[in-house]
Amino acid sequence: MSDDNAPTPAPTFNRVMLKISGEALMGDQGFGLHPPTVQRIAREVKSVQELGVEICMVIGGGNIFRGLAGSAQGMERTTADYMGMLATVMNALAMQSALEGMGVFTRVISAIRMDEVAEPYIRRRAVRHLEKKRVCIFAAGTGNPYFTTDTAATLRANEMSCEAIFKGTKVDGVYDKDPVKHDDAVRYDTVSYDDVLAKRLGVMDASAIALARDNNLPIIVFSLDEPGGFKGILRGQGTYTRVQG
């Protein structure tokens, strides 16, 4: 028989990085922002913040513009990547608006200076925001072309001394092949950084995986579509894959 008075499990991490793709904000649309989806993700973030966990976020920009796609269509790569960075700022502002509408103090911190809409990235200031239990959304990637938001998330997670990166996806972990296309796909409970690279499992790009490996930073891959999934995993529950060692 369950004990309703049993203590709530303490979160397994005190400070984490949540990395989500821009496409996660589209909902069922093919482009742009779907406000109810943004609100749903913001509620997930708020529920974790209420556990006392300090949260960093990086959101991709693929729902608005993807630098690689622009480059493939003949646009100069550096220009295309900067446009992609600006798309991540738009997504960060949307998420900030949703979170602050729920009473969660949030700061958008941009690697490209745009002082009217976001703070510039200053590491010590960002750490102080986290210590004050504000959610920090890091926008504009690393500020450099040729680097993805996966790499930006891993870089910022290391700089902020995060204990793990939570990669929110459409599936509940890392599989040996695409589970949408293959019914016999097998999910890993844990997988090593080297196996992710060698088997091209597509968790994050190679630069991000190598940076996480070199700093022994675990990556938790989970489904962002499962209500309460983010909070549940921090309590040691739910289904996910842990990339480590």
Side-chain angles (χ1 to χ4, degrees), residues 16-35 37-42 44-45 55-73 75 77-99 106 108-112 114 117-118 121 135-160 162 164-171 174 196 201-209 211-212 217 219-225 229-230 243:
V16 300
M17 166 65 72
L18 174 62
K19 168 61 172 72
I20 60 177
S21 67
E23 288 88 345
L25 305 184
M26 293 192 308
D28 294 329
Q29 302 175 154
F31 177 82
L33 290 159
H34 183 238
T37 300
V38 178
Q39 292 277 337
R40 178 180 62 78
I41 295 171
E44 294 273 329
V45 173
I55 302 173
C56 306
M57 292 183 71
V58 168
I59 307 172
N63 57 319
I64 299 170
F65 187 86
R66 185 176 292 280
L68 270 175
S71 177
Q73 294 175 26
M75 186 178 291
R77 172 67 189 268
T78 302
T79 299
D81 279 357
Y82 278 120
M83 290 173 67
M85 290 179 221
L86 297 179
T88 71
V89 177
M90 296 170 70
N91 285 338
L93 292 173
M95 184 58 65
Q96 179 187 42
S97 177
L99 285 166
T106 308
V108 173
I109 301 170
S110 174
I112 298 174
M114 44 186 81
V117 297
Y121 176 66
V135 173
C136 288
I137 306 177
F138 296 102
T142 65
N144 302 287
Y146 294 94
F147 290 94
T148 67
T149 50
D150 282 344
T151 301
T154 312
L155 174 65
R156 297 292 183 239
N158 281 305
E159 289 179 304
M160 295 297 107
C162 292
I165 298 174
F166 278 71
K167 175 76 184 284
T169 69
K170 291 191 175 295
V171 292
V174 180
V196 168
L201 295 177
V203 177
M204 287 179 159
D205 67 79
S207 299
I209 294 295
L211 184 58
L217 181 66
I219 303 167
I220 311 294
V221 183
F222 72 106
S223 172
L224 200 63
D225 293 335
F230 186 22
V243 182

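Nothing here was measured: the structure is a model prediction, and the numbers come from that model.
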Which heavy atom of G143 sits nearest a heavy atom of I112, and at what distance? CA-CG1, 4.3 Å

Hey, could you give me the CZ/CD1 distance between F138 and I109, rounded to the nearest 0.5 Å? 4.5 Å

Any side-chain heavy-atom pair from Q29 and E23 closer than 4.5 angstrom? no

Within a strict 4.5 Å, meaning less than it, do heavy atoms of the Q39 and L99 side chains meet? no

Of all heavy-atom pairs linking A80 and F65, the shortest is O-CE2, 3.2 Å

Between M17 and M160, is there a side-chain heavy-atom distance shorter than 4.5 Å? no

Locate the shortest heavy-atom distance separating A98 from A42; write the atom from each residue and the value. CB-CB, 3.8 Å

Side chains of N158 and T154 in contact at under 4.5 Å (non-hydrogen atoms): yes

Check whether N63 reaches the backbone of G32 with its side chain - one donor and one acceptor, N or O, closer than 3.5 Å. yes

Rounded to the nearest 0.5 Å, how far apart are CE of M57 and CE of M95? 4.5 Å

Which value, rounded to the nearest 0.5 Å, describes the distance between K19 atom NZ and C56 atom SG? 14.0 Å

Looking at side-chain heavy atoms only, is the closest gap between Y146 and T78 below 4.5 Å? yes

Look only at the side chain of T88 and the backbone of A140, and say whether a donor-acceptor pair between them is shorter than 3.5 Å. yes

Decide yes or no for I165 and M204: does some side-chain heavy atom of the first lie under 4.5 Å from some side-chain heavy atom of the second? yes

Does any part of the side chain of V203, heavy atoms only, come nearer than 4.5 Å to the side chain of T169, both counted from C-beta? no

Given side-chain contact (heavy atoms from CB on, under 4.5 Å), test F230 with I220 step by step and report yes or no. CA-CA 10 Å; F230 186 22; I220 311 294; over 6 Å; no

How far apart are the C-alpha atoms of R77 and L68, what are their side-chain angles, what is the distance that settles it, and do they pass the side-chain contact (heavy atoms from CB on, under 4.5 Å) test? CA-CA 7 Å; R77 172 67 189 268; L68 270 175; 3.5 Å; yes

Let me see the working for D81 and R66 under salt bridge (Lys or Arg N to Asp or Glu O under 4.0 Å), right down to the final yes or no. CA-CA 7 Å; D81 279 357; R66 185 176 292 280; over 6 Å; no

Checking side-chain contact (heavy atoms from CB on, under 4.5 Å) for the pair L224/I41: CA distance, chi angles, key distance, verdict? CA-CA 8 Å; L224 200 63; I41 295 171; 3.8 Å; yes

From F147 CZ over to L211 CG, what is the distance, rounded to the nearest 0.5 angstrom? 10.0 Å

OH/Y121: more than 12 non-hydrogen atoms of other groups inside 6.0 Å: yes

Quick check against the 3.5 Å criterion: does N91 have a side-chain atom that pairs as donor or acceptor with the backbone of G60? yes

Which value, rounded to the nearest 0.5 Å, describes the distance between L33 atom CG and S97 atom OG? 10.5 Å

Closest heavy-atom pair and its distance - S110, A118: CB-CB, 3.9 Å

Worked verdict on L18 versus I20 for side-chain contact (heavy atoms from CB on, under 4.5 Å): CA-CA 7 Å; L18 174 62; I20 60 177; 4.1 Å; yes

Closest approach of M114 to L86 (non-hydrogen atoms, all atoms of both residues): CE-CD2, 3.6 Å

D205 side, atom CG; T148 side, atom OG1 - distance, nearest 0.5 Å: 3.5 Å

Side-chain heavy-atom pair H34, M26 within 4.5 angstrom cut-off: no

Search all heavy atoms of I59 against all heavy atoms of T149 and return the closest pair with its distance. O-CG2, 4.2 Å

